[in-house]
Amino acid sequence: YILDCLTMANELNPCGKDTFYPEIYERRKVYQKEAYAACRSLLTMIDIAVELFDIQVAGVSHWTALVVEVKNKTNAWISSDASRFNKGAD
């Protein structure tokens with residue numbers, strides 16, 4: 001689901017040749033924010049799984065680090081888009 005959301009967001013380019021499309025930017029933000037929220041949810045599910053099941057800590061640390069990396073990069077992308085496209089929305 002995270003990959004699907006990020007792919008959909010990436011496919012939505014709100015900038016035409018000389019035109020900014022705010023409705024496309026809004027749809028792009030929705031997909032980005034859904035991916036970010038799904039990362040947070042996945043981290044919570046990992047925590048719950050550790051509590052409920054006998055999972056090796058090394059594996060959990062590895063996968064948690066990967067999810068945190070995607071979450072942080074998604075957040076940076078959202079911030080970058082806000083800086084870049086909010087200028088075009090004016």
Side-chain angles (χ1 to χ4, degrees):
Y1 181 73
I2 294 167
L3 177 61
D4 291 340
C5 288
L6 293 174
T7 300
M8 289 297 292
N10 195 50
E11 292 296 319
L12 294 170
N13 185 358
C15 295
K17 184 174 179 177
D18 292 318
T19 309
F20 176 75
Y21 300 98
E23 65 281 357
I24 294 176
Y25 174 51
E26 291 303 318
R27 284 182 46 211
R28 177 177 169 120
K29 282 195 307 186
V30 167
Y31 284 116
Q32 289 170 324
K33 289 179 179 182
E34 287 211 17
Y36 182 83
C39 286
R40 290 181 54 127
S41 178
L42 183 54
L43 290 170
T44 300
M45 287 186 266
I46 291 170
D47 286 342
I48 292 169
V50 168
E51 294 293 323
L52 294 178
F53 307 107
D54 186 25
I55 300 175
Q56 298 294 322
V57 174
V60 171
S61 297
H62 172 74
W63 286 104
T64 298
L66 293 174
V67 175
V68 167
E69 181 181 4
V70 172
K71 180 179 73 83
N72 290 342
K73 287 183 178 184
T74 301
N75 193 44
W77 184 23
I78 293 167
S79 296
S80 173
D81 272 9
S83 296
R84 189 171 77 174
F85 295 136
N86 282 337
K87 294 175 187 166
D90 295 335

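For reference, positions follow the sequence shown, starting with 1. No experiment lies behind these values; they were computed from the predicted model shown.
- In terms of the salt bridge (Lys or Arg N to Asp or Glu O under 4.0 Å) criterion, residue partners of K29 (sequence neighbours excluded) are, by chain and number, E26.
- For T64, the side chain to side chain contact (heavy atoms under 4.5 Å, CB included) partners two or more places apart in sequence, or in a different chain, are L43, I46, V60, V68.
- A side-chain donor-acceptor contact under 3.5 Å links S61 to the backbone of V57.
- Expressed to the nearest 0.5 Å, how far CG of N13 lies from OH of Y25 amounts to 12.5 Å.
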Walk me through whether F85 and C15 qualify under side-chain contact (heavy atoms from CB on, under 4.5 Å).
CA-CA 8 Å; F85 295 136; C15 295; 3.3 Å; yes

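- Note on I48 and I55: same hydrophobic cluster, where clusters join Ile, Leu, Val, Met, Phe, Trp and Tyr whose side-chain heavy atoms are under 4.5 Å apart, directly or indirectly.
- Using a 4.5 Å cut-off between side-chain heavy atoms of Ile, Leu, Val, Met, Phe, Trp and Tyr, with links allowed through other members, F53 and L42 fall into the same hydrophobic cluster.
- Hydrophobic clustering keeps M45 apart from L66 (ILVMFWY residues linked when any side-chain heavy atoms are closer than 4.5 Å, directly or through intermediates).
- Within a 6.0 Å radius of CD in Q56, no more than 12 heavy atoms belonging to other residues, nucleotides or ligands are found.
- For residues 72-81, every residue pair satisfying the side chain to side chain donor-acceptor pair (under 3.5 Å) rule, not counting sequence neighbours, is listed here: R28-D81, Q32-D81, E69-K73.
- Within the structure, the salt bridge (charged side-chain N to carboxylate O under 4.0 Å, His left out) test picks out no pair touching residues 39-67 (sequence neighbours left out).
- Contact detail for V67 and C39: the closest heavy-atom pair is CG1-O, 3.6 Å.
- Legend: residues meeting salt bridge (Lys or Arg N to Asp or Glu O under 4.0 Å) with D4, ordered by chain and number and at least two apart, are absent.
- Other members of the hydrophobic cluster containing M8, listed by chain and number, are L12, Y21, I24, Y31; membership follows side-chain contacts under 4.5 Å among ILVMFWY residues, whether direct or relayed.
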